[in-house]
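Structure first, then comments.
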Amino acid sequence: MIDLKTLRDDPDAVRRSQRMRGEDERSVDRLLAADERRRSAVSRFDTLRAEQKQFGKQVGKARGEEREALLAKGKELSAEVKAADAEQQAAEAELLEAHMAVPNVVQEGAPAGGEDDYVVLEHHGEPPTFDFEPADHLDLGVKLGALDMERGAKVSGSRFYFLTGVGAQLQLALLNMAAAQATAAGFQLMIPPVLVRPEIMGGTGFLGAHAAEVYRLAEDDLYLVGTSEVPLAGYHADEILDLERGPKRYAGWSTCFRREAGSYGKDTRGIIRVHQFDKIEMFVFCKPEDADAEHQRLLAWEREMLDKIEVPYRVIDTAAGDLGSSAARKFDCEAWVPTQQAYRELTSTSNCTTFQARRLGVRYRDEQGRPQTAATLNGTLATTRWIVALLENHQQADGSVRVPEAMRPFLGMDVLQPR
RNA sequence: GGAGGCGUGGCAGAGCGGCCGAAUGCAUCCGCCUUGAAAGCGGAAGACCCGCAAGGGUCCGGGGGUUCAAAUCCCUCCGCCUCCGCCA
């Protein structure tokens, strides 16, 4: 939810943001109107209720006939208060709905437009050249005995897979390397629940436009998380944090579940786009004024990880329309995938400013000791998908795959050999 | 799955349907005392909303109800605890 005070002060800034996202500006005016309506409903109720409270005290003292008369009048007042209360609640519900409909205000500097309007900030490393026909990650994975898609489909359906033997070891090595880096950088490692309540899923913004992406267990009214961002964001819900000693940084290790509705036919081969994968996600709570600098730090940590697996990548500044409702700015790192002759997303870091924290009730105390809404940020440190870039970029003519230097201590192998 | 109990401020813990935003203790903060500290003494201190302010209102797990009036009575949901059963 955006800050209503800044909305009142500068509604045009929010309208501008909506234009950059390619979204309806009228939802801004609806929100302003709903805010106005609620405020007048609140003061009407407050006035009436004050009257009723005063009146109630008189009834308590009165005796006999006087008391009877007062009781009758009290009934009338009671009805009025009840009506005002109902009006206030209706106004509040309307406000909430209008509030939820407005996405975060896009940060200054982010490119306007949709999915294809990103700006490439930087290229890092050169795409490898092969003196043989490079195999794709699935062929490589099968030959290495690392990956079994067929049995994944047999057991669970399309977009499911088994990581087998060295494949499982590879994923563990990757995630362990990420966990080690995060821990060394001062993050607290977390293994969170992957089933969450509706209010947590909603509070993190995943039940809006992305609702169709989320698995729901109807029987228990729980949701399977698509990223540990969800439980980590919810971790401090309704708390007032002490951020005096700096940001609270968490690294969540979890399995992630995504329905991939509406992506039929896209990336059907291999493990690029799957219903279930593992990920280490950085998640930060900090003061709003520190959020930009923290965002740059998260990006730097992501790049440090990418350097460790020695793949070429580029960094893009995601366009406003592709940010998702919670983010004000988002940077993706995309690794080169040789057989696709394309860059594919391996990491994504978002600055959600106070948008997500406001909904979740995560606050901190400022210098004056006043509670203020915190800022939240997130970023990827490693996922199952990284295996794609790793296998393809480091493959050799005989079908073996060179293990990047930094990963060797975690994997205990220098090269993966076909079976 | 069955039976029972509990849910109050940072924590602990009181609270006859009106005088309760709520006793008390601990912790916190500010004074005094002290060379400094501890102890002791005095004081301050919740969150949210409306309002320029003065001020007003809401909040005793969530929601609903009874009543002129609810932390206090009723219903319901959620959470926690204990016992029994069942099973990783």
Side-chain angles (χ1 to χ4, degrees), chain A residues 1-10 31-100 191-203 207 216-223 231 234-245 248 255 285 288 354-374:
Chain A
M1 296 191 285
I2 64 168
D3 182 13
L4 290 179
K5 284 196 195 74
T6 62
L7 170 70
R8 283 177 219 139
D9 291 346
D10 190 4
L31 180 53
L32 281 167
D35 177 45
E36 191 52 50
R37 182 186 159 197
R38 186 198 76 107
R39 285 194 291 158
S40 64
V42 163
S43 49
R44 238 190 331 266
F45 171 79
D46 283 0
T47 313
L48 273 169
R49 179 74 178 146
E51 210 179 308
Q52 188 194 30
K53 279 176 83 167
Q54 277 308 110
F55 192 78
K57 287 183 183 163
Q58 291 177 38
V59 177
K61 287 181 218 141
R63 290 287 174 274
E65 274 181 42
E66 189 193 357
R67 185 183 166 91
E68 291 307 311
L70 287 174
L71 280 181
K73 180 135 190 272
K75 263 194 197 308
E76 285 173 35
L77 249 182
S78 178
E80 282 182 62
V81 168
K82 209 166 181 174
D85 189 25
E87 162 63 15
Q88 181 184 326
Q89 285 192 38
E92 249 150 31
E94 191 180 286
L95 174 65
L96 184 66
E97 200 189 323
H99 208 167
M100 297 290 228
I191 297 180
V194 295
L195 284 169
V196 299
R197 302 165 166 285
E199 58 267 32
I200 297 297
M201 193 53 98
L207 290 185
R216 171 160 183 257
L217 280 75
E219 196 73 10
D220 301 283
D221 203 17
L222 290 169
Y223 293 89
Y235 187 65
H236 286 304
D238 298 315
E239 293 182 24
I240 298 180
L241 305 176
D242 181 7
L243 295 178
E244 281 315 300
R245 289 187 301 278
K248 286 199 171 292
T255 301
F285 298 90
T354 58
F355 187 88
Q356 198 174 50
R358 183 167 294 106
R359 230 187 256 193
L360 289 165
V362 183
R363 294 173 295 166
Y364 71 100
R365 287 189 191 281
D366 63 18
E367 289 70 20
Q368 286 79 252
R370 307 301 307 167
Q372 303 288 352
T373 302

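First the proteins, then the strands, lettered A, B, ... as listed; each starts at 1.
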Counting only Watson-Crick or G-U wobble pairs whose two distances fall under 3.5 Å, which nucleotide matches [N]?
N     : result
B:C11 : B:G25
B:A71 : none
B:G42 : B:C30
B:U58 : B:A47
B:U66 : none

For the [atom1] atoms, the ones on [N] and on [M], what distance do you get once it is rounded to whole angstrom?
N     : M     : atom1 : value
B:A71 : B:G57 : P     : 14 Å
B:U34 : B:A23 : C1'   : 33 Å
B:G10 : B:A47 : P     : 9 Å
B:C80 : B:U8  : C1'   : 15 Å
B:C77 : B:A69 : P     : 26 Å
B:C16 : B:A88 : P     : 49 Å
B:C20 : B:A3  : C1'   : 36 Å
B:C32 : B:U82 : P     : 49 Å

Sugar-phosphate only, base, or nothing, as touched by A:Arg8 at under 4.0 Å among non-hydrogen atoms: sugar-phosphate
Sugar-phosphate only, base, or nothing, as touched by A:Arg365 at under 4.0 Å among non-hydrogen atoms: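 Since only primed, P, OP1 and OP2 atoms lie under 4.0 Å of A:Arg365, the category is sugar-phosphate.
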Starting at [atom1] of [X] and ending at [atom2] of [N], how long is that distance when rounded to a whole Å?
X        : N     : atom1 : atom2 : result
A:Leu4   : B:C50 : CG    : C1'   : 13 Å
A:Arg49  : B:A69 : CZ    : C1'   : 8 Å
A:Glu239 : B:G61 : CD    : P     : 19 Å
A:Arg370 : B:C48 : CZ    : C1'   : 10 Å
A:Asp242 : B:C29 : CG    : P     : 13 Å
A:Asp85  : B:A70 : CG    : P     : 11 Å
A:Ile240 : B:G10 : CD1   : P     : 8 Å
A:Phe45  : B:G51 : CZ    : C1'   : 17 Å

Residue A:Glu97 excluded, over 12 heavy atoms near CD under 6.0 Å: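 12 or below, so no.
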Quick one: is [N] close enough that its OP1 or OP2 comes under 4.0 Å of any side-chain N or O from [X]?
X        : N     : value
A:Arg44  : B:C50 : no
A:Ser78  : B:A69 : yes
A:Arg38  : B:C50 : yes
A:Lys82  : B:U66 : yes
A:Gln89  : B:U58 : no
A:Arg363 : B:A47 : no
A:Arg39  : B:G51 : yes

Test item: A:Tyr364 and A:Asp242 side chains (from C-beta on) under 4.5 Å apart, heavy atoms: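 A side-chain contact is absent here, since even the closest heavy-atom pair is not under 4.5 Å.
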Beyond-backbone contact of A:Ile2 with A:Leu7, side-chain heavy atoms, under 4.5 angstrom: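 A side-chain contact exists here, since the closest heavy-atom pair is under 4.5 Å.
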Salt bridge present between A:Arg44 and A:Glu80 (N-O < 4.0 angstrom):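 Salt bridge flag = no for A:Glu80 with A:Arg44.
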Check: B:G56 base within 3.5 Å donor-acceptor of A:Asp46 side chain: yes
Of A:Arg197 and A:Glu51, the one whose closest RNA chain B nucleotide lies more 5': A:Glu51
Side chain of A:Val42 - closest among B:C49, B:G57, B:A47: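 Looking only at side-chain atoms, A:Val42 lies closest to B:C49.
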CG on A:Leu243 to CD on A:Gln372, rounded to 0.5 Å: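 It comes to 11.5 Å.
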side-chain contact (heavy atoms from CB on, under 4.5 Å) between A:Val362 and A:Gln356, worked out: CA-CA 9 Å; A:Val362 183; A:Gln356 198 174 50; over 6 Å; no
Side-chain donor/acceptor of A:Arg359 to backbone N/O of A:Gly202, under 3.5 Å: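 Side chain of A:Arg359 to backbone of A:Gly202, a donor-acceptor pair under 3.5 Å: yes, one is there.
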